[in-house]
Amino acid sequence: MTAERWRQVREVLYAAAEQDAAARAEFLREACDGDAGLREEVERLLAALDESGAFLEPAAPAERDLSGGKIGPYLVLERAGQGGMGTVYRAVREDDYRQEVAIKLVKREVETEALTARFRRERQALARLNHPNIARLLDGGTTADGRPYLVMEWVEGTSITEYANARKLGVRERLGLFLTVCDAVAHAHRNLVVHRDLKPSNLPITAAGAPKLLDFGIAKILAPEAGEEEAMTVAGGLALTPDYASPEQVRGEPLTTATDIYSLGATLYELLTGVRPHRFETRTPPEIERVVCEREAALPSAVARAPGVGASALRGDLDNIVRKAMEKDQGRRYSHVDEFAADVRRYLEGLPVLARPWAVGYRARKFVARNKALAGAAAAVVVALAAGLGLTLWEAGVARHQREAAERRFELARRVADSLLYEINDRIQDLAGSTAARELVLRRSLEYLDALARESGSNAALQRDVANAYVRAAMLQGAPGVSNLGNPAAARESLGKARSLLESALAAAPGSAEIRRDLARAYRESAQLGRDGAEFERHAQAALAIVEELRRERPGDAGVLGDLERSEFTMARSMAAQARYGEAAAYYRRALAHAGAADAQNVALDQKSLGAVLFKMGELEDALKEYAAATATDEARVKAEAANGRAKLDLSYDYADTGLILLRLKRVDEGVAMYRRARELRVQMKAADPRDARAASALVSAEWRLGWALGVAGDRARAGEAFRRAVKGAEEMIARLPDRTVGMRALAEASWNIGESYRQQRGSCAQAVLWLERARGLYRELKVPAPRVEESLAACGGK
Amino acid sequence: MAGVGVTALLLDWSNGDRGALERLMPLVYEELREIARRHLSREDPAHTLQSTALVHEAYLRLVDQKRVQWQNRAHFFAVAAQLVRRILLDHARRRHAAKRGGAGTVLTLDEGLVAERQRALDVVALDEALNALAELDAQQARVVELRFFAGLTIAETAEAMGISGATVQRDWITAKAWLFDRLKGSGRGAG
């Protein structure tokens, strides 16, 4: 293309891009005036533009004000506001100037496809919401550049709290407004729509003096809850207003009508007192979670400062009503909005309200719960052990005077669960075909744990134990790097339970360092299982925040220091998982600074992880230094504990990775020597325990890596020998180990690499294809997708 | 580093002293490289953020905010954009070279760590495409440089280049289409 032609294309392209999609064809016909080549060029570039999305866009694109322009069939009058999810415009329909609408234009970064799908799904439910106090959702669509928008009834008004304060309304008038809001929310709930983001600014009072609820169901469209179809994005999480968000909401749990009741309670709190229920030191997720989930708001009467409302009017019943609506535990809130409203009405009519003074009721419940926990736990043991005798005992009644006996039995329940999770599982996990048995053990354990969790009430010690057992269960279910049952979704669920138990344990024992350390560990484990880099990072961050705070409180605590190192390590891995290597390196360095000299294994792991990141950044010399440090650490470990197989294995990895770096640095002979050392160690390990599947796999891998290195050095004969040893070793594994698949994986990997060696190092596709097809067959049998093998085959087939 | 010196050079240059630019560039380059070394790096679409953050940090460190106006800021960023592009390119080339080194593409670290995969924006390919665009229209390539590598807004880009915002907008939109189209096919050797 010439510069002149480009100028021509550019002019037409730019003008066409400004047109509506519908008008483009007509425009192009005219503008190109028979020049088919021009038209084709412009159309291709227009398609590219539509597709380009955020390509090259600066990180925070300045939102262009669309006032005076058009969104779909609407004429935009003015920009009315900017929120977390996008911009709100006031607009009118082109063909009906009388009806003003509010258009929510979703931010560019929001994943639009899923959003459009959710919109379609939710739309019918929202259409049923026909209530005079609910602003209607009218329409929705997609702009020419692909951004979804929602169209709602335009509401002119001031927020319920501002309205009440500006007019200095008294308690009865404020409650009157609030009851209208409750009716509207109840209507939505009956139609199975949960608001999820109730707050004063979504509750404007119109000029007519009536509340009009905004954004019903919108939160669900804009930010699906965790687990629904994708994890809530960080942006989605932050978009929520923490002042009115329920504990389950900030924890990212599934949301029900109980969440709206909480938010209504928080709104009533502010409406009656003039202040918000919570104060946040910072608006970081961990701080928000801590405050919302743990801190009890002050009683409304204690903070009353709304004009026209005295503290004395709030003391007693209204304190209790607000408190009940804002209970941390969903089960203790009003069960319906109607029930909530009815209690407010009873107050207005001077009748006794349902909500009881908090402290006394809480204590009584707590007492009952404690005994119930013991009884329930005992029952679990009894059922599991199928002991008729025990059942009779329990039926005889675990009364208060039998508490000690109950406690003993409860202890037994705990031990059974422990034993199942630890001893029994560990004993059977290496047995051939034990997977089904292990799954059964796990399922039973989880049944115990679920029962114990349900009955744990507010017994912090019990909750903590159960939570830690859940963490252990999660590791068996699917933690990476541990022999596990490969079910990460189930593992995530267990970890979620562990976290929420620990949260409530922490509420019962505020500030407990032990519980916080457990919680940080649960977050670290959750991080490793994150569905994506963002979730990995979020949980790692939460763990780190907890531990850093502990560290400030207890600078001399070695246990906390160890937790800090582990949390920084996890954080680093979350960065590396997102290819943010610079940040990963920084966290590894911090972890290294906090690793105790006594914990050589962690020191070495920090060093080699840092080396691996530097390697990926292309900083080969620096990477080499870190691996040298790791090697020195691991060599000392091997020397100190000759029988420690783990240390030997770790050291063999140091040698192999150092070998790779040396090859990249073109120091080929040194590289080969390193691979030889790695192999030598693994030969020793396999000899020590021929039935150890891990050692056998490691040796196979060392053989073909050595073969590759020898290939780089040009030593075909020795390379061939190493490859043959790899294949022989893997075939032996298949024949001799109880689980055939371990050997099959080793053989598949070896075959692929041997094939690649033929292709890349010897230029022989004929030979390569034989090995690559063998690899493909094995991967298919294993039902493991192997795109890289396919790529290799394609590379050969193409020639 | 001499914050005062950079600020004075920036003001001189903004006032039309061509020579000031010659002396300014190496100072900014050194600082950027130093920051880049610390932050390095990820070669993914989020490069935008990273390179923008890089320039911001350099600006905060080198320039005395009290003595300059937003126009000077735009000029500084304009200088930095070019340098950041060079730094990122050097870095990407080094990485490519490392990847192509002795061991071929198969052998990876023997580490037991999680594998990472991210659709990467190929800085090298982008650089080549930008050079090709510059041959068609140098001004347009410069607009992309300022927007993408320094994160300048339309208005700032217009100020830094002494052209109208409408022109920047046109250049930007059409360059984006052209580059996207070209890079989309670059994996298969088009263009």
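Chain identifiers are assigned alphabetically (A, B, ...) following the order of the sequence lines, protein sequences preceding nucleic acid strands; residue numbering begins at 1 within each chain. These numbers come from a predicted model, not from an experiment. FYI, side chains are in, hydrogens and waters are out, and symmetry mates aren't considered; it's all heavy atoms of this structure.
One distance of note links CD of A:E18 with CZ of B:R170; it measures 12.0 Å at 0.5 Å rounding. Note that the CH2 atom of A:W6 and the OG1 atom of B:T174 stand 4.5 Å from one another [nearest 0.5 Å].
In this structure, the salt bridge (Lys or Arg N to Asp or Glu O under 4.0 Å) partners of A:D634, at least two apart in sequence or on a different chain, are A:K608, A:R637. Under the rule for a side-chain contact (heavy atoms from CB on, under 4.5 Å), the partners of A:A713 that lie at least two apart in sequence or sit in another chain are A:V668, A:V672.
For B:N131, the CG atom is densely surrounded, since the number of other residues' heavy atoms within 6.0 Å is greater than 12. Applying the 6.0 Å contact sphere to CD of A:E11 captures more than 12 heavy atoms from other residues, nucleotides or ligands.
Look at B:D181 and A:R44 and you find a salt bridge, because one of the NZ, NE, NH1 or NH2 atoms lies within 4.0 Å of a carboxylate O, short of that distance.
There is no contact between B:L146 and chain A, counting heavy-atom distances below 4.5 Å. If you measure heavy-atom distances from B:L179 to chain A, the contacts under 4.5 Å come from both the backbone and the side chain. For A:E41, no part lies near chain B; criterion is any non-hydrogen pair under 4.5 Å. Within the 4.5 angstrom heavy-atom criterion, no atom of A:S792 approaches chain B.
Closest non-hydrogen pair, A:A3 versus B:L136, comes out as CB-O, 3.3 Å. B:A177 and A:A48 make their closest contact through O-CB, 3.6 Å (heavy atoms, listed as atom of the first residue, atom of the second, distance).
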Determine, step by step, whether B:I173 and A:L49 satisfy the side chain to side chain contact (heavy atoms under 4.5 Å, CB included) criterion, reporting the C-alpha distance in whole Å, the side-chain angles of both residues, the deciding distance to 0.1 Å, and the verdict. CA-CA 8 Å; B:I173 295 291; A:L49 190 61; 3.6 Å; yes

